[in-house]
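Worksheet for the structure shown next.
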Amino acid sequence: MECGGCQLTRALALAAALVETLGLSPVRAQSSNWGAWGANGYISLNGLYDTESRSSDLVTRPEINLEEATITASPETGRKPLYDLTAGGRVRGNLGFGFGVTFGAKTEDAPVRGSIPHPFYFNQPRTLDDSTTLERSDLLVHLAALWLLPVTDRLAVTAFGGPTWFQVKQETITNLTLRETFPFDRIAIDTVERERLTRSRWGYNAGFDVSYYFSRYFGVQGLVRYSNGTVTISTTRAESEPKLGGLHAGGGLRVRY
Amino acid sequence: MQASNTPLRAAIAFAVLLTAPSATLHVGAQSATEPSRIAPQSVAEMRSWDTTVDRMTRDGGLKLRQRRDDPMLESRTHERFDQVHKGVRVYGADLSRQLEDGLTMSIFGSVQTQIALDDVTPTLTAADAREAIARESGAELPATYEPELIVLPLEGRFVLAYTGRAFGSEGLYRYFIDARTGAVLRALNDLKSQAAIGGGRGVLGDNKKLSINKVGSTYRAQDVMRPPSLLTFDMKGNLQRTLAFLNGVVTLGPNDLGQDSDNAWSDPAVIDAHAYSGYVYDYFYRRFGRRGLDGADLEVVSLVHPVDRNAVLSQPISIVGLFYVNAFYAGDGVMVFGEGLPASLTLAGRNWNYMAGALDIFAHELAHGVTDFSSQLIYENESGALNEAFSDIIAAGAEFYHQAAGNGPLRAEYLMGEDVVTPGGIRSLANPGDYGDPDHYSRRYVGPQDNGGVHINSTIVSHAYYLAIEGGTNRTSGQSVTGIGFANREQMERVSYRAFTQMMPANATFSVARAATLQAAADLYGAGSNAVRALREAWNAVGVN
């Protein structure tokens, strides 16, 4: 399956190449006022990919058969395409200020393990080993200090870092119904009751990008950004702290103005 | 289970011979067009109905739906008839007839005698009715779905209708469609009941889960999660009704079941009886692969509160012996659990709590049912003692299976009834002599009491079982036995089960039991196994050769 971010990157690169081919605003004509920053700043639209494979244990402890059950869903929360919009502008010299928004959503396969009380006997739990799917979306808002280093007229490298505000919307399991028959030793998931929780938290980001301009306005860039944070998700009688962010890499179209 | 009190034993001997038909749930039809009920109270009345059934069958008014041989009583046959009107089944009108070698033994049912419906030609086709049901239920029904044309008694008249079940967004419903107009006449919720897990504290205050049937807003002591139906009836201290049921005069219905409004149960006798009924079923299933008393998931009926505990002083000794300080298997899967005595009264120096409050008593009684459906050990003399010994062996096995080993309430050991007959219970497999029971064949009781000592002499056999597991020295013979050890106790349980249910003849003696158990041990674990050796030593130690 192709990732959406990769497709977006290719599309942006193609658009930039098209602009250059049509001879719009050749880069040779740029004034020195523009430089790598542009007159006012730049905006880039990127397709990224969350490169890390990681799972989050989402624990819930509903009452089943008059006892507390423990259900742990471990969805794969990384390895997903992201959409990213970034803007930056010069403050002084090579120093600038940046702002970015990254969004990604995915319905994730989640292995589900559990300790489920027996219907007839206290303290004789059965083991659940099954799977389900859980939805999750991540919204990351980055603020960053930029250090832009022009390499040539066309090529520049930017390093950045700063705080990130994370908002995660995570489906969690609140309860289960089971497929089970006498003697009730073996169990499997029949239906899943889900709840969508929204949590937010501050973290941080750091990274760099490499930009290359084909014309006065248009260019492409590659971007690598690492962001990190944790959030507390409270479920029935349990709390989980899934990790947020990760190493995101990709590229897109960059426009200076 | 039987107290060691000798005067009571005669009463119990009667009790265990008492037979009772299995309880059946019977809910009367509620139609405004009341049918004629068939429940003959006399032979003459039954003969009359028998003639009517034959005539209606000849005339086409009844149609044989099913004929089956009775799995429990040889030579008995059960027939079920549907009433039909001009070839169309009358909804809710049917009857059952029990025959023995062609002779009618019973008839029960209901029939409509004044059906005013001349034309039974429907205007709608079955396909039209299917569409109407699909529309009403919201269910997607296959083309093969064919509603049945019936005569429906409805609000004082008879209507030609189609009926069929469909599972739609509102659940499982039975729909009745007017076969002439297509109107929906009725939609009955056909989801009879819902399994639920309830909870409560038993006789000894311990927390138990209960497999319950929720009907409407009422929780009933009917286990619908295990393969057989396990029913616990609360007789509410009504001795006359208890006797009437045991003698087959009345049947018990849903309202007689133990009930609770919020599923947090509060009657400890009902709680323990219902829970232990399941525990013992599970023990037989998991340990031996046996499905209930008859091996085919026979319904199990437990009766609690058969008498009023506070009325004990006004009761004759036979009733006290039967229904207060006793529990018994009444045949056909029916068990009765004594009410015990008020705390201020003692008998034989002991307090007597609800008999349903002891797992070993429950297992003991159900094991009698297993014997009834397997070896049918004759309940007198040595075969009777073997019958009792097997029940004690199963009782101890079930206790160790479900409870932690140790002394005190809700602990597994080799005492019988010690949780509700305090202190000490009524028998010991480890030290029979402590209760005045024999631990050696030379000490066996040979008098007429207790059906020739079926309870008394059972401890010779059950003590051998104990020695084969735990080892020790027989007090009478002084012979020592090296047991297979507690960790291997399952071996001796399986040996006993195999010998007693599959090998033992009905008139077995202790000597036959010795041979059968040794054969079973050799079959299961090999002729040179520890099980065979320990068992041989144990039989030698108790003087059975």
- Rounded to the nearest 0.5 Å, how far does CG of N263(B) lie from CG of L66(A)?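 Between atom CG of L66(A) and atom CG of N263(B) there are 7.5 Å.
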
- Query: What distance do K209(B) atom NZ and E67(A) atom CD have between them, rounded to the nearest 0.5 Å?
  - Reply: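 Result: 3.5 Å between the selected atoms.
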
- Message: Please tell me whether Y281(B) and F182(A) form a close aromatic pair, meaning their ring centres lie under 6.0 Å apart.
- Response: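 Under 6.0 Å, so yes.
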
- Task: Please check if the distance between the ring centroids of Y279(B) and Y121(A) is under 6.0 Å.
- Result: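 Yes: the rings meet the under 6.0 Å criterion.
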
[X], [atom1] atom: more than 12 neighbouring heavy atoms under 6.0 Å:
{"X": "D262(B)", "atom1": "CG", "result": "yes"}
{"X": "F122(A)", "atom1": "CZ", "result": "yes"}
{"X": "R196(A)", "atom1": "CZ", "result": "yes"}

For [X] versus [Y], what's the shortest heavy-atom pair and its separation?
{"X": "P119(A)", "Y": "M225(B)", "result": "CB-CE, 3.9 Å"}
{"X": "D282(B)", "Y": "F120(A)", "result": "OD2-CD1, 3.9 Å"}
{"X": "R286(B)", "Y": "P183(A)", "result": "NH2-O, 3.1 Å"}

